[in-house]
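What's counted below: heavy atoms across the whole structure, side chains too, no hydrogens, waters or symmetry copies. Here, residue 1 is the first one in the sequence, and each next residue gets the next number. We count ligands from 1, going down the list as the structure has it; atoms in each ligand are counted the same way.
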Amino acid sequence: MIISVSHQKGGVGKSTLAYNIAVELSKLYPVEVVDLDVQQTLTACNVIRSKFGQNKLTIHSFEENKDFIKYLNNDSDERITVIDTGGFDSGLNRVAIYASDFILTPVSTEFLEIIGLEKYKKILKEVSQKVGRDIKTHVVLNKIHHSQQNFEDISEFINTASDQFELLTSVIRRRSDFSISLGHGFSVCEFDDASDSSFEIKTLINEIIQKLDLDIEPYKLKRKRKK
Ligand SMILES: Nc1ncnc2c1ncn2[C@@H]1O[C@H](COP(=O)(O)OP(=O)(O)OP(=O)(O)O)[C@@H](O)[C@H]1O
Ligand SMILES: [Mg+2]
């Protein structure tokens, strides 16, 4: 089972979300990570993580398409591979797109980020044409200001912009604990399980589990999120 966090645009929160999803999913199911980000953000966070006494994630990196494809060919339902792609268009990132069972694309509601989806749409179309099937991505709103409560317009825009986009209902707010926790190699849930960010990440994971129809017990979320 392969989940990629993918967008050719930089700085949208791919590594942040990939890390949080990988760490928290690994508590429910065997997880491996592929770090395609040239900055090797997840690999660095994993080193810090072990220094702070947390269990290390299994992380792979690849430079050649053939090595990456060989790894992907050994994919199994017994584990979930979370791929953090780089914020650019490349052969490796395109392989991740076509090999994925689920693609997650973070965007904020900033105008320039929404415009960035146009370029990504072209990449998805080209890869779809090459492999002869329609590849779609699940867009998740990330870094959203706490004052923004209405997502009707953005939802309509994204869902009608292309058949290749489906907006998830989960919304991840802009919160400082995302960068603070990453600095310790922790997920936001490990940093403070009672936090709003923890609630949001677990809600997102539950939505992914449900969309993929995975045989995994979702997180029980009793906490009421603060507005
Ligand atoms: N929900 C959030 N709240 C606050 N800050 C966030 C959130 N998500 C990401 N960030 C911050 O945004 C910045 C970019 O995030 P990140 O490195 O995860 O993006 P990226 O898409 O992986 O970038 P690149 O394309 O360069 O790999 C970081 O400083 C990160 O801490
Ligand atoms: Mg990154």
- Item | Atoms of the protein (N/O/S only) found under 2.8 Å from the Mg ion (ligand 2) |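 For the Mg ion (ligand 2), the protein N, O and S atoms that sit under 2.8 Å away are Ser15 OG, Asp37 OD2.
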- Item | Sidechain N-carboxylate O distance under 4.0 Å for Asp89, Arg94 |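 Looking at Arg94 together with Asp89, the answer is yes, because their closest N to O distance falls below 4.0 Å.
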- Query: Is it true that Glu113 and Lys9 make a salt bridge, defined as a side-chain N closer than 4.0 Å to a carboxylate O?
  - Reply: no
- Task: Can you run down the ring pair (Phe, Tyr, Trp, His ring centres under 6.0 Å) pairs that involve residues 75-119, sequence neighbours left out, and say none if there aren't any?
- Result: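 Found Phe102-His138.
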- Task: Scan for ring pair (Phe, Tyr, Trp, His ring centres under 6.0 Å) pairs involving residues 156-181, sequence neighbours excluded, and state none if there are none.
- Result: none
- Item | Neighbouring protein residues of ligand 1 - any heavy atom closer than 4.0 Å | Lys9, Gly10, Gly11, Val12, Gly13, Lys14, Ser15, Thr16, Asp37, Gln39, Gly87, Asn142, Lys143, Ile172, Arg173, Arg174, Arg175, Phe178, Ser179
- Query: In this structure, which one of Glu24, Arg49, Gln54 forms a side chain to side chain donor-acceptor pair (under 3.5 Å) with Ser187?
  - Reply: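 By the side chain to side chain donor-acceptor pair (under 3.5 Å) criterion, Ser187 pairs with just one of Glu24, Arg49, Gln54: Glu24.
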- Among the clusters formed by ILVMFWY side chains lying less than 4.5 Å apart, do Leu92 and Ile103 turn up in the same one?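 Yes; Ile103 is reachable from Leu92 via cluster members.
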- Report whether Leu42 and Leu57 are members of the same hydrophobic cluster (ILVMFWY, side-chain heavy atoms less than 4.5 Å apart, transitive linking).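 Yes; tracing contacts between hydrophobic side chains, which count when under 4.5 Å, links both residues.
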- Would you check if Ile180 and Phe186 make a side-chain contact, meaning some heavy-atom pair closer than 4.5 Å? no
- Query: Side chains of Tyr29 and Glu78: do they bring a donor and an acceptor to under 3.5 Å?
  - Reply: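 The criterion, which ignores hydrogens and geometry beyond distance, is not satisfied for Glu78 and Tyr29.
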